[in-house]
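Below is one structure, written out as structure tokens, with a few remarks after it.
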Amino acid sequence: MKKELRKAVIAGNWKMNKNPEEAKQLLSEIAPLVKDAGCEVIACVPYIDLYAALEATKGTNVKIGAENCYWEKSGAFTGEVSAKMLADIGVPYVIIGHSERRTYFGDTDATVQKRVRGALDEGLTVILCVGEYLEQRELGITAEIVSMQTKIALQGVSEEELKRLIIAYEPVWAIGTGKTATADQAQEVCKLIRDVVAGLYTKEAADALTIQYGGSMNAKNAQELLSKEDVDGGLIGGASLKAPDFAAIVEAATKG
Ligand code: 13P
């Protein structure tokens, strides 16, 4: 059993929600509820909230992340925010390759790989999202899709750098739909991702990797999902915007 060796990580993905005032308010509600957490607790917030969020969580165990970043350090890239800019203001985490970025904003496996590279170069810890669409699951190609996304994103990432990477398995059909993957489905794909990583690196590196599940995880279903051997945490959308719900998921992860 390697699960005990891995750090459970519960991360909120606030998506395009909350202004800085609201962010401060929500974080001030979350922080006391999770102060004794036995897992890592992260809130990934919109760029505009980062300063307020870093300020509001000073002296707490809640860490802050961004939801995307660009690989170039600076330059003529209107509308983008670089990994360096995030690092410069002290943001430790960044989500990369979320399916909403891939679906609505043209992120591809190739640009996801560049964003991962850029973020690791700046010392950030990456939450890399992978996952299949419903049609892909129905075609029976989930393993192929998820393996390909993982292999391309990890191109050029060293075993040492892998320690600053978390993979989030997010089946697209389960995101924001209330349709959670069953615990067995989540386990099956998280295990597959770990096997892919073992093939690329070593068994030790794969055993040490934190793999999250994301997609309609909530206070009710978290315990069962998180009890699975290869599910080490969660990337939480909707439920991360309600302090008691998010705290209940953190509590479930603390119990393991
Ligand atoms: P929901 O928890 O709202 O389904 O969102 C999951 C997600 O996309 C987290 O990144």
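Quick note: numbers below take in every heavy atom, side chains included, and nothing from hydrogens, waters or symmetry partners. Atoms within a ligand are numbered from 1 in the order they appear, just like the ligands themselves.
Of all the atoms in ligand 1, the ones that sit under 4.0 Å from a non-hydrogen atom of Ser216 are 1 (P), 2 (O), 4 (O). Residue Ala174 has at least one heavy-atom neighbour below 4.0 Å for each of these atoms of ligand 1: 4 (O). Counting atoms of ligand 1 from 1 in the listed order, those under 4.0 Å from a heavy atom of Gly215 are 4 (O), 6 (C). The distance from ligand 1 to the heavy atoms of Lys15 drops below 4.0 Å at these ligand atoms: 5 (O), 6 (C), 7 (C), 8 (O).
An N or O contact shorter than 3.5 Å is missing between Gly214 and ligand 1 by distance. Any N or O atom pair closer than 3.5 Å counts here, and Glu170 shares at least one such pair with ligand 1.
Side-chain contact, Gln25 with Glu21: no donor N or O sits under 3.5 Å from an acceptor N or O. If you check the side chains of Tyr133 and Glu138, you find no donor sitting under 3.5 Å from an acceptor.
Within 6.0 Å of CD in Gln223 there are more than 12 heavy atoms belonging to other residues, nucleotides or ligands. The environment of Lys15 atom NZ is dense: over 12 non-hydrogen atoms of other residues, nucleotides or ligands sit within 6.0 angstrom. Counting non-hydrogen atoms of neighbouring residues, nucleotides and ligands closer than 6.0 angstrom, the OH atom of Tyr201 exceeds 12 such neighbours.
The shortest contact between atom 3 (O) of ligand 1 and any protein heavy atom is with Gly238 N, 2.8 Å. Scanning the protein heavy atoms around atom 2 (O) of ligand 1, the nearest turns out to be Gly237 N, 2.9 Å.
Looking at Asn13 against ligand 1, only its side chain comes within 4.0 Å, counting heavy atoms. Neither the backbone nor the side chain of Ala239 has a heavy atom within less than 4.0 Å of ligand 1.
The pair Lys228-Asp184 meets the salt-bridge criterion, since a charged nitrogen lies less than 4.0 angstrom from a carboxylate oxygen.
In this structure, Arg115 CZ and Asp107 CG are separated by 4.0 Å, a value rounded to the nearest 0.5 Å.
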